[in-house]
Amino acid sequence: MHLPWKPLNAMLVIAAGLCAFAQDAVADSVPTGLPPSPTFNITKFSQPMPRFDVLPRNAVSTLVPAPTAQSNQTQQPVDPALGGGSGPIEGRPPGPIWAHQEFTRFPPQIAVEVSQEGAKVNNTYNPGVPPSLNSNINPALPFHPRFHPGLPDQGPLAMWTFNGTLPPKLVIGRYAEPILFREHNNLPADKNQNGGFGLHSISTHEHNGHHGAENDGFTGAYFFPNQFYDYHWPIVLAGWRSINTGATDPKAATPNDTGGKTNVAGDWHETMSTHWFHDHMFSFTSQNVYKGMAGMFNIYSALDRGNEAINDGVNLRLPSGTSKSFANLDYDVNIMLADKAWDAAGQLAFNIFDFDGFLGDRMTVNLVDNPFFEVEARKYRFRILNAAVSRFFKLALSDGSPMIQIANDGNLLPHPVPLTELDELGIAERYDVVIDFSRYAVGSKVWWVNLTQQTNGKRPDKDLSLSEALQGSGNDPVVGKFLEFRIVRTPAVADQSQVPDPMIPNPDLSAVPIARTRTFEFGSGGSQTTLPAAPGSQSDITAFVGPWGIKTDDQGPMLDADYGRITAAPGYGTREVWTLKNGGGGWDHPIHIHFEEGQILNRDGDPNAVPAWEKGRKDVYRLRPGGSVTITMQFRDFGGMFMEHCHNTVHEDNAMLMRWEIDNNGAPFLRPLPTPIATPQGVTFVPPDDILPTAF
Ligand SMILES: [Cu+2]
């Protein structure tokens, strides 16, 4: 409360009278804790599902000012609502520690420039496909920021998105083509202008980019209205410093523009495909992501190039299309699942009082309510993202027929897995599946059904059978059919796609010695050891108090988040084994570890308990009630500070998050790294306020 930009916890927000919902009006309505979202008489499957809005890929020369390795500290006046005075135009922390690592080696080749702002009409929608492949949506018509044509437009304070518009945004990238992602913060300078929830300071995480920490959206490296932040995404294969350094392995390659490919350094077993990016503001991630700060990022490679016709012995030829050398979206569809709620005026609503988690009572796909999607009678790939705050989804087709899971999180699996019901999809997890619609008659319909009933933010109640879910659940309106596939025609061009086996085997770490083992227990009853602190001091800014916490290596209390605390510091280049334990209480926690992809060695100590769809690389590990997951990772290529946290974002915000960093025992990363303290007038650095005994 001492600084106008200090993150406020919900209790302080109540005290300040900022909340849109009087607490006594929250009459325990299931599942939202809010009055039920009024239907406005809209019906399911009465509007088309929009494909994502593809962000322009511009020349780097279009960026003014030009991007720089170190943060651009050119001064500008600061709005009085942010304390006045002057401050830097770029919110990235200054100096060499937060300079883009390997900026000269991997100079940006593509600029993607976005603005975080309030909802407005989209007049430049680019779905990347013709209307025939987008349920006949005419992209030339204004696209309104609304969940359904029968609902009002979202106001600029209710919804904050990339470029302020819908549909959600898609970035197209490929290996060896570094992207400079410049994000402008055009949110209101007055933090109270938030429609009842959300915070105007932001930090965008490219989940799970293998980039330097300065580009990871560190929770404490946030920036303010009227500033920008340059994120440098080099898009390199992990291991590029030590494996295949001569770029001679033909499977480690990137698609060129003419149907061929160019070799790149690194381990092809680390090739990634389906990412997303989202806000990571300290203690406000749940509210900001719910408000719309989320997009997806498809990464293309010679293995997964997004062209199903090129037969070069490397290309896996997954469903996509044929017209472009790479990144055909015709039959490769991004899907963002999120439950939402709205108030009596139809404006997005959020319950900031429930620290167990927040659930909506309306299902959205690509941020519209229960839509339909027209498909051809052929194979499609769907990249399914769970972008909910606290909800798990379990998907089946309404006729009980199979899907083929080909990827988990960002990574193609070693082998495709046919499934009639997918596993529960935890928050932030991604499952890529292939559905073959050629088995259906033209004119027929089939639906995606959510089988998971959830009425509490802690965890799912239960998974229903398909027949039960098709009846719906009186307790949970998000159970049941949520997307209608309409099989509208046979394809004009024969389906040339394949689902090959094998796809991408795991990297072989067996020759890398295990340097350390660590244990992290996730549970309730968190406490904060660095508070109370003097007003305006480091811990007062970096630490938070909430019911959730993490206990490390069985030492001390279950600790609340403090991004000034170093919890773990694996040595650069080393391999470690981490066990993630559920602290009990029947909760489930989807745990996200930034930067490095992990392999699950066992569940609950049993290597045979790892299901086939979890046998690839992962970045989110669902613990399941009472369970544990043991994983292995290698820490390499870049340095800096990263995070590990629950991706039930309400748990993350209150305060189940910790900082780890890669220890190089000296330059260029320093030991330990100083903590950035963000203010609109500039970022300063302070030493860590706490280092756990087993960190280094
Ligand atoms: Cu959790």
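Numbers here simply count residues along the sequence, with the first being 1. Just so you know, ligand 1 is whichever comes first in the structure, and atom 1 is the first atom listed for that ligand. Values below: every heavy atom of this structure, side chains too, minus hydrogens, waters and symmetry copies.
When the options Asp562, Thr675, Asp690, Thr530 are evaluated for a side-chain hydrogen bond (donor to acceptor under 3.5 Å, both in side chains) with Thr542, the one that passes is Asp562. The ring pair (Phe, Tyr, Trp, His ring centres under 6.0 Å) with His589 is formed by just one residue from the set Trp548, Phe392, Phe520; it is Trp548.
For Ala612, the side-chain contact (heavy atoms from CB on, under 4.5 Å) criterion is met by Val417, not counting sequence neighbours.
By the criterion of a separation under 2.8 Å, the protein N/O/S atoms near the Cu ion (ligand 1) amount to His589 ND1, Cys646 SG, His651 ND1.
Because its NZ or CZ atom is both nearer than 6.0 Å to the ring centre of Phe197 and within 45° of the ring axis, Lys291 counts as a cation-pi partner of that residue.
Electrostatic pairing of Glu644 and Arg518 does not count as a salt bridge here, judged by no charged N lying under 4.0 Å from a carboxylate O.
The aromatic rings of Phe162 and Phe277 stand perpendicular to each other, their planes meeting at an angle above 60°, with 30° marking the opposite boundary.
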